[in-house]
**Q** 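Dropping the structure in here first, questions after.
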Number of protein chains: 4
Amino acid sequence: MAIREKSKEKRNALLKATLNLVNNNGFHDAPMSKIAKMANVSPATIYIYFENKQDLINQLYLELKISYTEQAFKDYSENMPVKKAFELIWYNIANYKLKQVDEAWFLAQCDNTTMIDENSRQEGLKHLQPLLDLWEKGQKEGIIKDVSPYLLYAYAINPLAFLMNMQKRELYQLDKESLKQAFQASWDSIRI
Amino acid sequence: MAIREKSKEKRNALLKATLNLVNNNGFHDAPMSKIAKMANVSPATIYIYFENKQDLINQLYLELKISYTEQAFKDYSENMPVKKAFELIWYNIANYKLKQVDEAWFLAQCDNTTMIDENSRQEGLKHLQPLLDLWEKGQKEGIIKDVSPYLLYAYAINPLAFLMNMQKRELYQLDKESLKQAFQASWDSIRI
Amino acid sequence: MAIREKSKEKRNALLKATLNLVNNNGFHDAPMSKIAKMANVSPATIYIYFENKQDLINQLYLELKISYTEQAFKDYSENMPVKKAFELIWYNIANYKLKQVDEAWFLAQCDNTTMIDENSRQEGLKHLQPLLDLWEKGQKEGIIKDVSPYLLYAYAINPLAFLMNMQKRELYQLDKESLKQAFQASWDSIRI
Amino acid sequence: MAIREKSKEKRNALLKATLNLVNNNGFHDAPMSKIAKMANVSPATIYIYFENKQDLINQLYLELKISYTEQAFKDYSENMPVKKAFELIWYNIANYKLKQVDEAWFLAQCDNTTMIDENSRQEGLKHLQPLLDLWEKGQKEGIIKDVSPYLLYAYAINPLAFLMNMQKRELYQLDKESLKQAFQASWDSIRI
DNA sequence: GATGAATGAGACTTCATTCAT
DNA sequence: GATGAATGAAGTCTCATTCAT
């Protein structure tokens, strides 16, 4: 009665292969056949783990988004002082984008593209709530500008994506010093 | 000349159709046949005006990029005071992204994707030189932080792309007041 | 014996599932996986009971054909008078087609299609021999037209398949009265 | 401005190839690739002439059905006496089934199968109306049994399909004499 | 015996591009 | 220059069957 079980390994290999191919070749030219080959399975096997290509992409997106936000709020607790807390989260995010370049790059592509279902996108957004809460707290304390959280995000967090992009293209080097500069800019843009 | 005019019309119709289809359906699912249909020409006709699909996309990208930077430096002259000049350029860019949403959205997709040749991308970057020069001037005058122009761009300009994205998704409204807030954040992040 | 019983159950479930799927979806779109699911077994299990898909279909066909002819000759004995005997058999067949619509419909599909091996088809034909013998007897007695048994079958029996077909499509209603009419037509067509 | 036009020839070659393949191999195992090869075109070409496989089958069905009924009513005029008229139509149909064996066999498959859309089937039925009208006339004149036209069709016409089937399997030979016998049986079954 | 995972072959269909007019 | 037909190559996905437990 013991049978082969769906292996987490294979699933992960497929997700990883998808990530690599989409990153290097774009969503177009990341055919299922190549994904299968890269993951060392038959094309048909993909459909045991995922409903179809869209589902594969969606699941990858969600999984990465979750891992991303997990990292973002590592060591964070709600009763830290606002600036300290922001700094922590900011560096967490920066580190994620620096160390998990491929994952970050994939997420950026999804956010600027029609690749992802609106549903999955919505789902992915939810996980940032604690940061929004933190900003609200900061606004109440008179530390942070009283503007839309979207504006805050645009200046405090999103520029990291651009910098990472430039680094990936070897136009810019994100070292310790420039990280400090970047953080300073982020903070200056949102603090009162 | 009548013929040349007519040709220009067809070429433009093709570029416009491409823009629309890529924006709405993504680069995948923007087949040449649909582009042709939308531009009211035969698929074969596309190949009179463009070498192939990649060339079509590249040319569209460059054309938009040029129009974008033209707008960006409208009314700008090198001997304006730095902050005034920056404000002018910033609002020029903001207006472009607000009014030519589709064009701006297409450019954003290109910048976060493998759609475009590295060549064309380089080519597109050149046109921003005057802004870089302005920043350098500001740095010499001690008005602007002494950091990489990429960092300055990441904070001063790039956030607009994010805000526009949110506005397109109807999550955020870019009105006069919020534009003012955005400009303030931009300026705060790069000024000394 | 418990095991053998259980096995018989599974085999029957598979045959039944095949019947249903082929009837509703057609031979195409009756994949082994769906058959398995409908019979609540694993796809692999099918291959314990049947050699392959063709074998499954063939066996189903033969089984139904046997059950069909069993019904056809229920209560029949060779020394009944010809017309009485024919009436008995005719109504037996009619009842089968009326009550076991699905089975009858499946058989009709097989008889008009490449689904079935020529072998199995031959095998299925054999079981009608008693009817042919009856006709021969009737011919000798000068009651039934002296023509090929195929012709007799075409007029005496086969029309029931068409009527059943129409009934299945809800274009025609086979009630007591119309059965009587049909029998009369059958008899008129073959009697001298 | 003159361009290649969709050729009737190619369309016909495709329909013919489909007919042959479906007849010989069944609807399953009549893949588009084989159809294309048999018609000497590229698989992609099929989709210029037909929307998809279902459409190809549907169109083939309708075309054959029309040609079938055209033949059926050849030389027929409404003011012929009932029996003469019936005989004419009956022989027209018989001849069609004898001479256009493949076409007739394909139609029979469609009528006993899920291959065809219910829509196309309905469409195909319409064309038999004149025969129904003839029967109604015969009933008013007291020549033909006062029963449902479906019953009349089942006995007067449908047996030909069975006989043709047997002939195709070389179990029965439909020569002049047996045709006469068959017509007699048809007439006996429906006349008063 | 029974199973769910796994798969190679192949199904239908689409696409960028070329052909022939 | 302009076209619609035509196509080879390739894409996504399904299927009958086998594997490994």
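By convention in this document, chain letters (A, B, ...) are assigned in the order of the sequence lines, proteins followed by strands, and residues within each chain are numbered from 1.
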**Q** NA contact type, Tyr49(D), heavy-atom cut-off 4.0 Å: base, sugar-phosphate, or nothing?
**A** sugar-phosphate
**Q** Quick one: does any side-chain atom of Tyr49(A) pair with a main-chain N or O of Ser7(A) as donor and acceptor, under 3.5 Å?
**A** yes
**Q** Whole angstroms only, please: what is the CG-P distance between Asn52(C) and dT17(F)?
**A** 5 Å
**Q** Are Asn112(D) and Thr113(C) close enough that some pair of their side-chain heavy atoms sits under 4.5 Å apart?
**A** no
**Q** Round to a whole Å and report the spacing from CG of Asp55(A) to P of dC13(F).
**A** 10 Å
**Q** Could you tell me which nucleotide pairs with dA20(F) by Watson-Crick or G-U wobble geometry, both distances under 3.5 Å, or answer none if nothing does?
**A** dT3(E)
**Q** Distance check needed: dG1(E) C1' versus Lys8(C) NZ, whole Å only.
**A** 17 Å
**Q** For Ile35(A), run the side-chain contact (heavy atoms from CB on, under 4.5 Å) check against Thr18(A), Leu15(A), Val22(A) and tell me which one passes.
**A** Thr18(A)
**Q** Distance check needed: dT14(F) C1' versus Lys53(D) NZ, whole Å only.
**A** 13 Å
**Q** Quick one, which residues of residues 12-46 of chain B touch DNA chain E with a heavy atom under 4.0 Å?
**A** Pro31(B), Met32(B), Ala44(B)
**Q** Send over the distance from Phe50(A) CZ to dT12(F) P, rounded to a whole Å.
**A** 15 Å
**Q** Over how many whole Å does the gap from Ile48(B) atom CD1 to dC19(E) atom P extend?
**A** 14 Å
**Q** Whole-Å distance between dC19(E) P and Lys10(D) NZ?
**A** 15 Å
**Q** Go through the side-chain N and O atoms of Glu123(B) and Asn119(B) and say whether any donor and acceptor fall under 3.5 Å apart.
**A** no
**Q** Take Gln109(B) and Asn23(B), measure what side chain to side chain contact (heavy atoms under 4.5 Å, CB included) needs, and give me the verdict at the end.
**A** CA-CA 8 Å; Gln109(B) 270 190 88; Asn23(B) 271 2; 3.2 Å; yes
**Q** Could you tell me the separation between the CD atom of Gln54(D) and the P atom of dC12(E), rounded to a whole number of Å?
**A** 12 Å
**Q** Tell me, with the steps shown, if Tyr61(B) and Asp111(B) meet side chain to side chain donor-acceptor pair (under 3.5 Å).
**A** CA-CA 10 Å; Tyr61(B) 174 77; Asp111(B) 288 334; 3.1 Å; yes
